Protein chains: 2
Amino acid sequence: MVGHKIRNMEEFSAICGVSRPTVSKYFNEPTSVRASTRQKIETALKKYDFRPNLYAVNQNRRITKNIGIVVPYVADPFFSEVARKLERCCIEAGFSPSTFSSHGSPDHEVEILEILRSMRPAGVLMAPIGRATHKKKLEAFCKEIPTVLVDSNLEGIGATFIGSNNFQSVPLMVEYLCRTGEPPCFFEMPPVNPNANKRRAAYTQAMEELGHTPHIIRVEGEDWEFEDIGYKGGLKLLGSGDLPSRTILCSNDRLAIGLMAAAYELEIKVGITPDCTLRIAGHDDHPFARYTCPSLTTISQDYDAITERSVDTLVDLIEHGRTKRDREATLYEGRLIMRSSA
Amino acid sequence: MVGHKIRNMEEFSAICGVSRPTVSKYFNEPTSVRASTRQKIETALKKYDFRPNLYAVNQNRRITKNIGIVVPYVADPFFSEVARKLERCCIEAGFSPSTFSSHGSPDHEVEILEILRSMRPAGVLMAPIGRATHKKKLEAFCKEIPTVLVDSNLEGIGATFIGSNNFQSVPLMVEYLCRTGEPPCFFEMPPVNPNANKRRAAYTQAMEELGHTPHIIRVEGEDWEFEDIGYKGGLKLLGSGDLPSRTILCSNDRLAIGLMAAAYELEIKVGITPDCTLRIAGHDDHPFARYTCPSLTTISQDYDAITERSVDTLVDLIEHGRTKRDREATLYEGRLIMRSSA
DNA sequence: ATTGTATTTTTACGCGCGTAAAATTATGCA
DNA sequence: TGCATAATTTTACGCGCGTAAAAATACAAT
């Protein structure tokens, strides 16, 4: 790392003693140049640390090596975890990820699509906001750039979808709750995305199959402040006295966290020990679910499988064009995580 | 939005009926072209939605309009919130933010610096990992690219630093806790960054000034899994019986969340009501601090002031060169948030 | 109408690199 | 050693745009 700054590849190639296009080849694929040539370049590289100009590279390549990652709300630890894993997979596959958060705003989501378009990414991994997503614009975007939808499925949009099988995970939880106590009612998040509706439907179906009457509790609220929605809805529900069941299944963990805060404030003891009068279960295995009081019984989504498969599928799409199984969603099963709350 | 796709600015300018450089001027500053010319361009823009090639633009501009944002751990809601606010401020200032998370890994942090270098950003907003940060490399980076440090100060590195004044916020909490009950002991996070040490020092100083003996409890753990560290350390501490005080001040909220989970498991009731035997306080006003059981008394950092000032300072640095007040840190005061835990 | 000045537009060039095609060098085999 | 063929390197060109300098135009004052 000595000597003066290298201005460009021309200058660097002169130092190496090879032609510029050869250096260019090296940076695209080091093994594509002769071993002796590679040696020269790498020796010079140790001494001068040169990196090709990112913009010049991307301007001239047919397609860039960028992958866009979009999550609906990065302040939600579930999605920050998903984003982190997606990023790592992209890097391992030799791509440069750029992560964006829609911050729960459909307008901002559209802006991100515009930014992405100007980035000309090789492909995009998209966890859409859901119901409020501007579907026309997303659809147009997906026609232009290979896009894999993650977590939240929008029928017919994107090359394919990869997520969790709510119709497996929710019944798993329902069965467990029914087996170990009073059949649950369902505390439902605002239907911001298709998962909300699928989980409700899965709950209803599972309850009926077990011969129980389903009870849905719909909470008010429009945005992504699920803890707040769960908390306020919980205060109202638990305070009213007309609770259909002493077991509550929440459609996600963040809602459950809010609900538990409400129960605590109303001095209702939550858990499975004999002194408890309420059981609460969640869905997603939120990173903090382990640290709620009591710790939250929930469903763990298969983060690793989902993220790895998403990237694999997208890379396949990028490198070999249309995937064989067009728009055939891949769904992974959830695992029951038994803790103390239910 | 009709007609065929526009390939480049040349083609677009032909449609507008003006020369390409004029269109270029327009995109850099719409008001810099004659009103009648602007009209022509904007009419065409409505019809054909053309956007200049991002890479060609950035290759040729003296400096780009990009701002890099680096946070140590985006899965930490505190930082995802900071990142979100920083992003918004950058956009408002007319720049394009790119956000990266070091994921708690110093090596990854260095990789991000490399990526940033190749992005040639106009400036960088950096919340470093802290103690483990590769300081030599960061220092070299800051010499090359205008960089403002945020949240965690590394003496002498970067153009300036903007964060919270721990020597105001911690004494504020200590004073409150002493006034309303038993003087607190200090449950300390692993010293991953300078804030950890400053908060400890501020605690000791405040206790001594009030005539109390400080008690530091150092918890084991190296990484950013603060909840886990707080939980495990809490189980050990609370189980041992030799607690120096029934009031515990944690050096951050995530640690407090873990500690509260441990207390709950050991059936120790936390809070300020008469039936409680332990008080716990945090620091940062973590987005979920409102929803712990009981809700967490803590210090709220002035997110808005910190993020706005950071971006203002950086933009000033970018546009007018060296700032007047070189390396003079700007510290904002914290607010006491009284809830139920202490 | 004429001239001078300020503003806007156009001409002309180069940024740093990818890449096809041409030229060169290395390798295998008789 | 000589020749065919494969592998590698070099030549030559263009990508889409920013920008300085030159040319053209608008505008104001005589």
Side-chain angles (χ1 to χ4, degrees), chain A residues 4-45 48-66 94-96 117-122 318, chain B residues 4-42 44-45 48-66 94-96 117-122:
Chain A
H4 69 294
K5 282 274 173 294
I6 310 278
R7 312 179 60 81
N8 54 36
M9 196 180 276
E10 186 78 55
E11 212 171 298
F12 179 71
S13 65
I15 290 171
C16 297
V18 292
S19 75
R20 188 189 56 71
T22 303
V23 174
S24 171
K25 278 200 76 178
Y26 169 83
F27 275 104
N28 277 314
E29 180 55 64
T31 60
S32 71
V33 302
R34 200 181 301 156
S36 60
T37 310
R38 187 162 62 237
Q39 198 57 44
K40 285 188 206 169
I41 294 174
E42 281 168 357
T43 305
L45 217 45
Y48 294 94
D49 95 305
F50 159 77
R51 296 193 64 164
N53 180 309
L54 186 72
Y55 301 109
V57 170
N58 281 323
Q59 177 177 20
N60 292 299
R61 249 207 272 266
R62 302 203 168 292
I63 57 167
T64 69
K65 280 289 213 174
N66 299 332
F95 288 83
S96 304
R117 253 169 39 104
S118 71
M119 285 183 60
R120 303 168 161 233
I318 290 168
Chain B
H4 69 294
K5 280 276 174 290
I6 310 276
R7 311 179 60 83
N8 53 36
M9 196 180 277
E10 188 79 53
E11 211 170 299
F12 179 70
S13 65
I15 291 171
C16 297
V18 291
S19 74
R20 188 188 56 70
T22 303
V23 174
S24 171
K25 278 201 76 179
Y26 169 83
F27 275 105
N28 278 313
E29 180 55 67
T31 62
S32 71
V33 302
R34 200 183 300 156
S36 59
T37 310
R38 186 162 63 238
Q39 199 55 46
K40 285 189 204 167
I41 294 173
E42 281 168 357
L45 217 44
Y48 293 96
D49 97 302
F50 158 78
R51 297 192 63 165
N53 180 309
L54 187 71
Y55 301 109
V57 169
N58 281 323
Q59 177 177 19
N60 293 300
R61 246 207 272 267
R62 302 204 169 291
I63 57 168
T64 68
K65 280 291 214 174
N66 299 332
F95 288 83
S96 304
R117 252 167 42 103
S118 70
M119 284 182 62
R120 303 170 159 230

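Quick caveat, the model's predicted, so the values are computed rather than measured. Within every chain, numbering begins at 1; the chains are lettered A, B, ... in the order of the sequence lines, protein sequences first and strands thereafter.
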Side-chain contact, heavy-atom cut-off 4.5 Å: A:Thr64 with B:Tyr55?
yes
Any side-chain heavy-atom pair from A:Asn66 and A:Phe95 closer than 4.5 angstrom?
no
Write down the distance between CZ (B:Arg120) and P (C:dC15), rounded to a whole number of angstrom.
12 Å
What is the distance, rounded to the nearest whole Å, between atom CD of A:Gln39 and atom P of D:dT8?
16 Å
Checking side-chain contact (heavy atoms from CB on, under 4.5 Å) for the pair A:Ile6/A:Ile15: CA distance, chi angles, key distance, verdict?
CA-CA 10 Å; A:Ile6 310 278; A:Ile15 290 171; 3.3 Å; yes
For a quick test of reading the model: is some side-chain N or O of B:Asn8 closer than 4.0 Å to OP1 or OP2 of D:dG16?
yes
Any donor-acceptor N/O pair, A:Arg38 side chain to A:Pro30 backbone, under 3.5 Å
yes
Across the strands shown, which category fits B:Phe50 at heavy-atom distances under 4.0 angstrom: base, sugar-phosphate, nothing?
sugar-phosphate
In whole Å, I'd like the distance from the CZ atom of A:Arg61 to the P atom of C:dA20.
13 Å
Do the side-chain N or O atoms of A:Ser24 get closer than 4.0 angstrom to the phosphate oxygens (OP1, OP2) of C:dC17?
no
Atom pair distance, as rounded to whole Å: OH in B:Tyr55 and P in D:dC15:
19 Å
Can you check the B:Tyr26 OH to D:dG18 P distance for me, whole Å?
14 Å
Is the ring pair A:Phe12/A:Phe50 parallel, tilted or perpendicular, if the boundaries are 30 and 60 degrees?
parallel
Given the rule in the side-chain contact (heavy atoms from CB on, under 4.5 Å) test, do A:Arg61 and A:Asn28 qualify, once you have shown the distances and angles that lead to the verdict?
CA-CA 10 Å; A:Arg61 249 207 272 266; A:Asn28 277 314; 2.6 Å; yes
Starting from C1' on C:dT19, measure out to CG on A:Asn58 and report it in whole angstrom.
15 Å
Backbone N or O of A:Met9 within a donor-acceptor pair of the A:Ser13 side chain at under 3.5 Å?
yes
With a 4.0 Å cut-off on heavy atoms, is B:Phe27 in touch with a base, just the backbone sugar-phosphate, or nothing at all?
nothing
Taking CD1 from B:Ile6 and P from D:dC17, how many angstroms apart are they, rounded to a whole number?
11 Å
Minimum-distance nucleotide to A:Gln59 side chain [options: D:dG18, D:dG16, C:dG18]
D:dG16
Nucleotides 8-14 of chain C: protein proximity per nucleotide (B base, S sugar-phosphate only, - neither; heavy atom, under 4.0 Å):
SBBBB-B
A:Glu29 has an atom CD; how far is it from atom P of C:dG18, in whole Å?
13 Å
